[in-house]
A.B. asks: 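I am attaching a structure below and will ask some questions about it afterwards.
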Amino acid sequence: AQRVTQPEKLLSVFKGAPVELKCNYSYSGSPELFWYVQYSRQRLQLLLRHISRESIKGFTADLNKGETSFHLKKPFAQEEDSAMYYCALSGNTGTASKLTFGTGTRLQVTL
Amino acid sequence: ETGVTQSPTHLIKTRGQQVTLRCSSQSGHNTVSWYQQALGQGPQFIFQYYREEENGRGNFPPRFSGLQFPNYSSELNVNALELDDSALYLCASSSSRVRSTDTQYFGPGTRLTVL
């Protein structure tokens with residue numbers, strides 16, 4: 001079975017402070033991990049995926065297989081980062097590729 | 001490039017009724033997945049359709065069923081509605097049914113309320 005855990009429902013930080021959104025996963029195979037973001041009144045959209053090893057909007061995430069974690073980090077939070085963040089794991093159920101999401105963390109960046 | 005669209009935006013039904021939700025895939029995508037997002041939860045996988053056939057299913061009862069059409073648009077049907085079916089229903093399209101690295105592009109969702 002595959003599972004994703006995001007332990008924090010809400011993370012509140014000041015503008016300019018570092019951000020770390022935690023994500024732990026459980027999966028027997030080789031995981032493909034993603035971070036999705038939902039800004040206010042917008043649809044769920046991909047932020048980044050571990051296989052690309054990219055930085056998007058200043059965010060990075062490193063897959064740590066030993067700790068089964070994929071935490072999302074940004075050195076300096078901006079107001080526009082306020083949103084709902086979901087960590088997701090992609091695995092196969094039979095022939096289908098499905099996403100398993102965590103419960104999400106709301107990031108609130110205040111002045 | 002046309003994004004994923006869903007209709008209707010909102011829907012109110014009563015227990016026992018049936019509902020049909022619709023989704024148009026992003027241009028060029030042949031795979032559609034449906035997710036249920038209850039309040040305060042992350043999306044949960046319902047099923048996936050590829051070339052008009054169900055290609056995989058999550059832990060949802062048979063009263064949740066779907067269709068995919070030759071133009072890759074899709075429907076989610078729910079029979080015998082229960083109060084717990086109240087949720088946001090999301091449709092996502094992708095260009096591959098099995099490559100787990102492929103991005104799924106989400107629609108804005110349909111908010112279903114069951115009274």
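Nothing here was measured: the structure is a model prediction, and the numbers come from that model. Sequence lines set the chain letters: A, B, ... in the order given, protein chains first and strands last, and positions in each chain run from 1.
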A.B. asks: Please determine whether residues B:Y89 and B:F69 belong to a single hydrophobic cluster, defined as Ile, Leu, Val, Met, Phe, Trp and Tyr linked transitively by side-chain heavy-atom distances below 4.5 Å.
C.D. replies: no
A.B. asks: Any link between B:Y35 and A:F34 through a network of hydrophobic side chains (Ile, Leu, Val, Met, Phe, Trp, Tyr) touching at under 4.5 Å?
C.D. replies: yes
A.B. asks: Decide if atom CG of B:N59 counts as having more than 12 heavy atoms of other residues, nucleotides or ligands within a radius under 6.0 Å.
C.D. replies: no
A.B. asks: Which of residues 5-17 of chain A get closer than 4.5 angstrom to chain B, counting heavy atoms alone?
C.D. replies: A:K9
A.B. asks: Check this for me: B:K13, atom NZ, are more than 12 non-hydrogen atoms of other residues, nucleotides or ligands nearer than 6.0 Å?
C.D. replies: yes
A.B. asks: Should the heavy atoms of other residues, nucleotides or ligands under 6.0 Å from CZ of B:R15 be counted, would the total exceed 12?
C.D. replies: no
A.B. asks: Does CD in A:E80 sit with more than 12 non-hydrogen atoms of other residues, nucleotides or ligands closer than 6.0 Å?
C.D. replies: yes
A.B. asks: Drop me the distance from B:N55's CG to A:K98's NZ, to the nearest 0.5 angstrom.
C.D. replies: 13.0 Å
A.B. asks: Are any side-chain N or O atoms of A:R43 and backbone N or O atoms of B:V4, one a donor and one an acceptor, separated by less than 3.5 Å?
C.D. replies: yes
A.B. asks: For atom CZ of A:F76, decide whether the heavy atoms of other residues, nucleotides or ligands shown that lie under 6.0 angstrom number more than 12.
C.D. replies: no
A.B. asks: Between B:P43 and A:L99, is there a side-chain heavy-atom distance shorter than 4.5 Å?
C.D. replies: no
A.B. asks: Would B:L90 end up clustered with B:Y49 when hydrophobic side chains under 4.5 Å apart are linked, directly or stepwise?
C.D. replies: no
A.B. asks: Kindly work out whether a path of hydrophobic side-chain contacts (I/L/V/M/F/W/Y, heavy atoms less than 4.5 Å apart) joins B:Y72 to B:L76.
C.D. replies: no
A.B. asks: Could you give the distance from OH (A:Y86) to CD (B:Q41), rounded to the nearest 0.5 Å?
C.D. replies: 9.0 Å
A.B. asks: Heavy-atom cut-off 4.5 Å, strictly under: side chain, backbone, both or neither for A:L46 against chain B?
C.D. replies: side chain
A.B. asks: Anything in residues 101-111 of chain A with a heavy-atom distance to chain B below 4.5 Å? Please list those residues in order.
C.D. replies: A:F101, A:G102, A:T103
A.B. asks: Quick check on B:F47 against chain A: is it the side chain, the backbone, both or neither that has a heavy atom closer than 4.5 Å?
C.D. replies: neither
A.B. asks: Who in residues 106-115 of chain B is close to chain A, using a strict under-4.5 Å heavy-atom cut-off?
C.D. replies: B:F106, B:G107, B:P108
A.B. asks: For B:Q104 versus A:Y36, what's the shortest heavy-atom pair and its separation?
C.D. replies: O-OH, 3.2 Å
A.B. asks: When you look at CD of A:E67, are more than 12 heavy atoms from neighbouring residues, nucleotides or ligands closer to it than 6.0 Å?
C.D. replies: no
A.B. asks: Residues in side-chain contact (heavy atoms from CB on, under 4.5 Å) with B:Q44, at least two apart?
C.D. replies: B:F60
A.B. asks: Count I, L, V, M, F, W, Y as connected when their side-chain heavy atoms are under 4.5 Å apart, and connections chain through other members. Are B:L81 and B:L83 then in the same cluster?
C.D. replies: yes
